[in-house]
Amino acid sequence: MSNRIWPLLPLALLMLLPQGLASGIYSSGAADIAGALGLSLDEASWFNVLFMVGQLLALPLASWAAYRLGNRRLLRWAAALGLGCALISVLVEAPLWQYVAWLGHGVCASVMVVLAHRLVMTNLDFVRIAKAEAVMLLLFVLIPMGLYPLLMGLLAEAGGWRWAFALQWIPYAAVLYWVRFGPWPWPDTRQRIRLNLLQAGLLSGFIVALTVLLMKGERYNWFRDPDWVVLAVVTALLGTGVVLALRRGWGRGEYLRPAILRVPNARVGMVNGAVAGFVVMAATMLTSGFVTGVLGYSHAQLGQLERISFYGMLLGLMLAIKVTTTEGGKPEKVIPLGVLLMVIACSILTGVSPDSGRSDLWPAMLLKGVAVGILNVTVTIHILRRMPKAQLVEAIAWFYLFRNLGSLLASVEFSRLQAFDAANASLVLAGHLSSRSDAFVQQSLQLQQAVGGHSAALIGQALQQQVASVASINGFQWLIASIGGCTVLMISAMKWAQRQSA
């Protein structure tokens with residue numbers, strides 16, 4: 001253990017920078033990307049699906065390849081792949097190649113995330129790990145959530161979303177140069193282990209099927225569409241096969257080792273990681289939909305609001321550093337505080353009306369930022385730092401698999417609820433917009449006399465805004481209820497681990 005921040009931290013930061021850029025590009029520029037490539041929004045949503053598929057597929061693969069190839073060679077291959085995908089995203093117009101590039105962005109992002117965490121966790125002591133991890137999470141989690149929406153929104157509105165991909169050339173080229181000529185912080189050992197093709201095939205198939213089912217299936221009725229029913233059955237069968245293959249050791253060789261999941265504290269850590277991913281994703285998605293869909297703000301204006309959240313994230317970051325670097329800080333008791341602050345922020349947003357301005361939103365955005373900072377930083381540092389060094393790389397892979405699974409569950413739950421609430425609200429409101437209603441006919445005549453021939457457009461816009469408002473408010477209320485259930489799950493898991501340890 002070297003215990004020297006230099007050159008560990010600069011190399012880790014270079015490895016993490018592309019992941020935040022790629023995720024920020026889609027969240028702020030999906031509509032502009034679709035328009036530039038001649039795709040519909042539904043077709044453009046496959047960029048995000050493939051990016052997530054690549055991330056999840058690469059986590060177990062990186063765990064195996066880190067042992068088989070060594071860290072240095074694996075990092076070189078990941079950086080070369082990322083540089084090639086960034087070149088495609090900037091220079092090629094064909095949608096098929098863009099899909100391939102987004103899949104590659106997800107793969108190299110996860111590989112670099114695993115290697116960056118392993119780099120820091122292996123070479124630093126208890127306190128320095130917390131400080132280095134806090135800086136890393138600030139760069140590739142908090143800044144992308146707090147500042148990238150503004151920057152990427154401005155780029156997207158100006159038609160310059162490709163320049164964000166061009167920025168990725170810098171960290172990829174720097175990593176390739178560092179791997180070849182720079183100082184290497186730890187011995188690069190390799191193990192001649194065989195790839196377990198059976199486990200790799202089952203786990204990869206399950207990841208692809210589950211991701212597509214959750215990220216695309218919320219747009220359809222799973223119980224009536226035969227194709228999605230078949231996909232759900234296939235996903236369940238593959239998931240069962242994965243569990244049996246890992247528990248019974250089917251196949252020859254190794255892939256993602258499950259031994260770390262037998263440790264009670266590790267199981268609790270995975271649950272907490274999934275809960276943190278669920279809460280953060282749900283709050284971010286609902287807030288973005290409320291601000292843009294109900295209040296009518298642009299993505300650039302949404303970015304200005306997220307800047308307020310970023311200030312709160314910095315406060316949460318400082319609190320997380322305090323409890324993770326102080327002896328007896330008890331980080332596990334700070335995590336419920338982040339959950340509580342998120343509940344308060346959501347409660348404030350449920351009382352905001354469509355006519356509210358920025359002054360009514362900043363308290364909720366600030367509290368949301370503090371909660372995100374606490375949950376992201378504290379959970380990651382507290383969980384990964386306690387993992388055995390001999391099983392660290394697979395622990396990182398399992399942690400991010402559970403964390404991303406929590407994010408996917410939040411996405412599908414609240415996308416589905418918002419679609420359901422919007423459909424019901426549309427039926428109720430449309431019942432009042434009938435030619436048989438004297439009040440509606442009278443208001444339509446008055447509106448037509450006031451604005452001329454644009455009354456139908458104004459009525460449609462008002463109807464759309466009210467539908468989005470109902471769906472968003474109900475979504476926040478469901479999030480509060482879901483957080484209550486997650487809190488019970490976290491407390492139960494902690495008590496179970498304490499009984500197992502006793």
### Task
Would you please indicate if the ring centroids of Tyr400 and His117 are separated by under 6.0 Å?
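Yes, the ring of Tyr400 comes within the 6.0 Å limit of the ring of His117, centre to centre.
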Minimum heavy-atom separation for [X] and [Y], please, with both atom names.
X: Met490; Y: Val275; value: SD-CG1, 3.4 Å
X: Ile381; Y: Ala134; value: CD1-N, 4.0 Å
X: Tyr172; Y: Leu83; value: CD1-N, 3.6 Å
X: Gly338; Y: Ala371; value: O-CB, 3.2 Å
X: Val175; Y: Ala79; value: CG1-CB, 3.8 Å
X: Ile480; Y: Ser347; value: CD1-OG, 3.5 Å

### Message
Would Ile88 and Trp102 count as a side-chain contact (heavy atoms from CB on, under 4.5 Å) here? Give the steps.
### Response
CA-CA 9 Å; Ile88 292 174; Trp102 276 89; over 6 Å; no
### Message
Would Met112 and Leu75 count as a side-chain contact (heavy atoms from CB on, under 4.5 Å) here? Give the steps.
### Response
CA-CA 7 Å; Met112 289 189 168; Leu75 181 57; 4.1 Å; yes
Check whether any side-chain heavy atom of [X] lies under 4.5 Å from a side-chain heavy atom of [Y], and answer yes or no.
X: Leu103; Y: Val53; value: yes
X: Phe47; Y: Leu39; value: yes
X: Phe399; Y: Thr380; value: yes
X: Arg307; Y: Met365; value: no
X: Trp178; Y: Pro183; value: yes
X: Leu256; Y: Glu394; value: yes
X: Val343; Y: Thr487; value: no
X: Lys322; Y: Val334; value: no

Could you tell me the separation between the [atom1] atom of [X] and the [atom2] atom of [Y], rounded to the nearest 0.5 Å?
X: Leu401; Y: Gln55; atom1: CG; atom2: CD; result: 10.5 Å
X: Leu319; Y: Leu314; atom1: CG; atom2: CG; result: 12.5 Å
X: Arg128; Y: Asn123; atom1: CZ; atom2: CG; result: 12.0 Å
X: Tyr99; Y: Glu43; atom1: OH; atom2: CD; result: 5.5 Å
X: Met342; Y: Ile374; atom1: CE; atom2: CD1; result: 9.5 Å
X: Leu479; Y: Cys486; atom1: CG; atom2: SG; result: 8.5 Å

### Query
Listed by chain and number, what are the side-chain contact (heavy atoms from CB on, under 4.5 Å) partners of Ala395, not counting sequence neighbours?
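Partners of Ala395 under the side-chain contact (heavy atoms from CB on, under 4.5 Å) test: Ile260, Met387.
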#### Entry: All side-chain contact (heavy atoms from CB on, under 4.5 Å) counterparts of Ala86, not counting sequence neighbours
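For Ala86, the residues satisfying side-chain contact (heavy atoms from CB on, under 4.5 Å) (neighbours in sequence not counted) are His105, Gln168, Trp169.
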### Message
Looking at Met281, I want to see if its CE is surrounded by more than 12 non-hydrogen atoms of other residues, nucleotides or ligands under 6.0 Å.
### Response
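It does not: Met281 CE has 12 such atoms or fewer within range.
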### Donor-acceptor contact present, side-chain Lys368 to main-chain Val280, <3.5 Å
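Looks like no, no N/O pair under 3.5 Å.
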#### Entry: Flag, side chain of Arg385 to backbone of Thr324, donor-acceptor distance under 3.5 Å
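Side chain of Arg385 to backbone of Thr324, a donor-acceptor pair under 3.5 Å: yes, one is there.
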### Message
Just to verify, which of Val370, Leu375, Val372 counts as forming a side chain to side chain contact (heavy atoms under 4.5 Å, CB included) with Leu341?
### Response
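Only one option passes, and that is Val370.
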### Query
For Val271 and Arg267, what are the C-alpha separation, side-chain angles and deciding distance, and is it a side-chain contact (heavy atoms from CB on, under 4.5 Å)?
CA-CA 6 Å; Val271 171; Arg267 292 185 182 183; 5.8 Å; no
### Query
Run the side-chain contact (heavy atoms from CB on, under 4.5 Å) check on Val107 and Leu61 step by step: do they pass?
CA-CA 9 Å; Val107 170; Leu61 180 61; 5.6 Å; no
